[in-house]
Amino acid sequence: MATPAELARLVDLHLSDLRDPEPNWTIGPSPMAGRGVFATRDIQQGEIIFRERPLVLGPTARKGSILNTCVCCHKLLAVKDFLCKNNCTLPVCDKCSNSEQHRSECQLFQQWKPKDLQINAGNNNNSNNSHASNGNKDGDDCCPVNTMSLRILTAVRVFFLHPDQIALVEAMQANDDKGYRGEIIKAAQCFRNFPTTDKPFMDRLFRVVGVLNTNAFEAPCRMGDHEILLRGLFPLTAVMNHECTPNASHYFDNGRLAVVRAARFIPQGGEVTTTYTKILWSNLTRCIFLKMTKNFMCDCVRCNDNTENGTYLSALFCRAQGCKGIVIPVQTKTLQPDWRCTTCESVFPHSKMARYQDFALNTINNRINKGSVAEMITFINDMCPRFCPSSNYVLVEAKLNVIWRMSRPTTEEFNEDHLKCKERYKEEIVALLEKLGAGDCTLKKLITEEIL
């Protein structure tokens, strides 16, 4: 990795006109993870720390994504005949197919000869490629878009950046994960002439994929009534280190701008932190996620408190006969803790409580995926209290789901009771955030409709 000074120089070039003449931040050595962002003066709660455009942007192409979306302008395309006119097999609108933005990647994909090129010759004139109006999603048998070749597009775009921009990508941390190499191999299998024998190219590609998988964000982008998630590399935002209740929060302005604000007061010299997880996940869930995706275990104050500032986000009902108490993990920062009841003090093995937690997770998620908002509210209010404490993070996530769905355009109709439930859920979640000391975090602003 580059030194903090060299990284700061490259970030300055990247920010360009968005860099404040007297920034309230700097990049320096961090005791958390080598390098970090630090306050150059006292930063007040709510103050903007920086804004940043993505260095590179592309489709997420993950399971469930709508694939008939232009990879350049991101607008929703027709449900058939949506591939590039030049046979690179990428979904591109007519206007973007001959644009300068798409030209280099289009030529490279043609050079690699996509394996499905013959099947989709003539711009995919295949009568079997007709889908519902919500778009072609990953998993549709007749969808002509290969998600692995689409996902690698963001990495390919790095090769067409300017030298200083490429240097910034190379200066960023890339976790060494064999799964990343597997991702490249799967993408290579989509082409007939992928340069797998070109070792310098493959080494650079592996490094770029590692940088993206370590640092990239998924940012929502709305085009009319169509909303998708984009995969963007925002280098300065990514340099911020993790804390489970951070002092800064970020949100994305239509996928093309990251805005970072102080969630709490940050003193001069203090490290500016963000979170790599969802802030209302339980200790154990965050621990597993960070270990599996970021290769570290967090040691912040919250992770060392098994009550999480009295929020009891991990809590499950006690399984001892006759007891109506709740159980929480005994140990912190371990993936298989024992659980103890706060009432009868019975201790249960992790294996038993993990099955109970999985049952709650699967039951609630099935309802979220299949039920209407009205059905979800009834389920949350009447059924969930029978098997899941109101503080459990899975139930909290279900309440957030109701809030999001009721805040967006929908054909569903809501009565006064539904609206009252939505407001009650908001109040409960804001109270949890206040207990955690989350300050004016993005989630609080979202659910109080300050950011929509």
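For this chain, numbers begin at 1 and follow the sequence in order. Values reported hereafter were calculated over all heavy atoms of this structure, with side chains retained and with hydrogens, waters and symmetry mates removed. Fair warning: this is a prediction, and the values are worked out from it, not measured in the lab.
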Give a yes or no on whether a salt bridge exists between [X] and [Y], defined as a side-chain N under 4.0 angstrom from a carboxylate O.
{"X": "K199", "Y": "D203", "answer": "yes"}
{"X": "R204", "Y": "D198", "answer": "no"}
{"X": "K278", "Y": "E397", "answer": "yes"}

Check the surroundings of atom [atom1] in [X]: do more than 12 heavy atoms from other residues, nucleotides or ligands lie under 6.0 Å from it?
{"X": "R302", "atom1": "CZ", "answer": "yes"}
{"X": "R340", "atom1": "CZ", "answer": "no"}
{"X": "Q336", "atom1": "CD", "answer": "no"}
{"X": "K186", "atom1": "NZ", "answer": "no"}
{"X": "R405", "atom1": "CZ", "answer": "yes"}

Backbone N or O of [Y] within a donor-acceptor pair of the [X] side chain at under 3.5 Å?
{"X": "R157", "Y": "L57", "value": "yes"}
{"X": "N24", "Y": "A39", "value": "no"}
{"X": "S97", "Y": "K85", "value": "no"}
{"X": "N306", "Y": "Q331", "value": "no"}
{"X": "D164", "Y": "H14", "value": "no"}
{"X": "Q165", "Y": "H162", "value": "yes"}
{"X": "R207", "Y": "E170", "value": "yes"}
{"X": "N247", "Y": "R264", "value": "no"}
{"X": "T214", "Y": "N175", "value": "yes"}
{"X": "T334", "Y": "P337", "value": "no"}

Does a side chain donor of either [X] or [Y] reach within less than 3.5 Å of an acceptor in the other side chain?
{"X": "R103", "Y": "N86", "value": "no"}
{"X": "T237", "Y": "E52", "value": "yes"}
{"X": "Q44", "Y": "D42", "value": "no"}

Side-chain heavy-atom pair [X], [Y] within 4.5 angstrom cut-off:
{"X": "R53", "Y": "D17", "result": "yes"}
{"X": "P59", "Y": "V71", "result": "yes"}
{"X": "E105", "Y": "C88", "result": "no"}
{"X": "R286", "Y": "E308", "result": "yes"}
{"X": "F160", "Y": "Q101", "result": "no"}
{"X": "L15", "Y": "V11", "result": "yes"}
{"X": "R256", "Y": "H74", "result": "yes"}
{"X": "F296", "Y": "L290", "result": "yes"}

Atom [atom1] in [X], atom [atom2] in [Y]: separation rounded to 0.5 Å?
{"X": "C190", "Y": "R151", "atom1": "SG", "atom2": "CZ", "value": "13.0 Å"}
{"X": "D338", "Y": "M353", "atom1": "CG", "atom2": "CE", "value": "11.5 Å"}
{"X": "Q45", "Y": "I266", "atom1": "CD", "atom2": "CD1", "value": "10.0 Å"}
{"X": "L205", "Y": "F194", "atom1": "CG", "atom2": "CZ", "value": "5.0 Å"}
{"X": "N254", "Y": "M223", "atom1": "CG", "atom2": "CE", "value": "7.5 Å"}
{"X": "C388", "Y": "F359", "atom1": "SG", "atom2": "CZ", "value": "10.0 Å"}

Where do F234 and H250 land on the ring pair (Phe, Tyr, Trp, His ring centres under 6.0 Å) test, with the steps shown first?
CA-CA 11 Å; F234 298 81; H250 64 269; 8.7 Å; no

Do F159 and F201 pass the ring pair (Phe, Tyr, Trp, His ring centres under 6.0 Å) test, and can you show the C-alpha distance, the side-chain angles, and the key distance before you say yes or no?
CA-CA 10 Å; F159 288 82; F201 171 82; 5.3 Å; yes

Please lay out, stage by stage, how H226 and K75 fare under the test side-chain contact (heavy atoms from CB on, under 4.5 Å).
CA-CA 7 Å; H226 168 55; K75 75 176 184 180; 5.7 Å; no

Kindly give the heavy-atom pair with the smallest separation between [X] and [Y], and that separation in Å.
{"X": "A188", "Y": "T196", "value": "CB-CG2, 3.9 Å"}
{"X": "L230", "Y": "I228", "value": "CD2-CD1, 3.3 Å"}
{"X": "A258", "Y": "F252", "value": "CB-CE2, 3.8 Å"}
{"X": "W25", "Y": "I27", "value": "CZ3-CG1, 4.0 Å"}
{"X": "A262", "Y": "I43", "value": "CB-CG2, 3.7 Å"}
{"X": "L436", "Y": "I279", "value": "CD1-O, 4.0 Å"}

Apply side-chain contact (heavy atoms from CB on, under 4.5 Å) to residues L443 and L400 and explain how you reach the verdict.
CA-CA 10 Å; L443 179 58; L400 275 172; 4.0 Å; yes

Applying side-chain contact (heavy atoms from CB on, under 4.5 Å) to C84 and H102, what does each step give before you reach the verdict?
CA-CA 10 Å; C84 178; H102 179 58; 3.5 Å; yes

What's the verdict on side-chain contact (heavy atoms from CB on, under 4.5 Å) for S407 and K422, showing C-alpha distance, side-chain angles and the deciding distance?
CA-CA 9 Å; S407 300; K422 176 187 175 184; 3.4 Å; yes

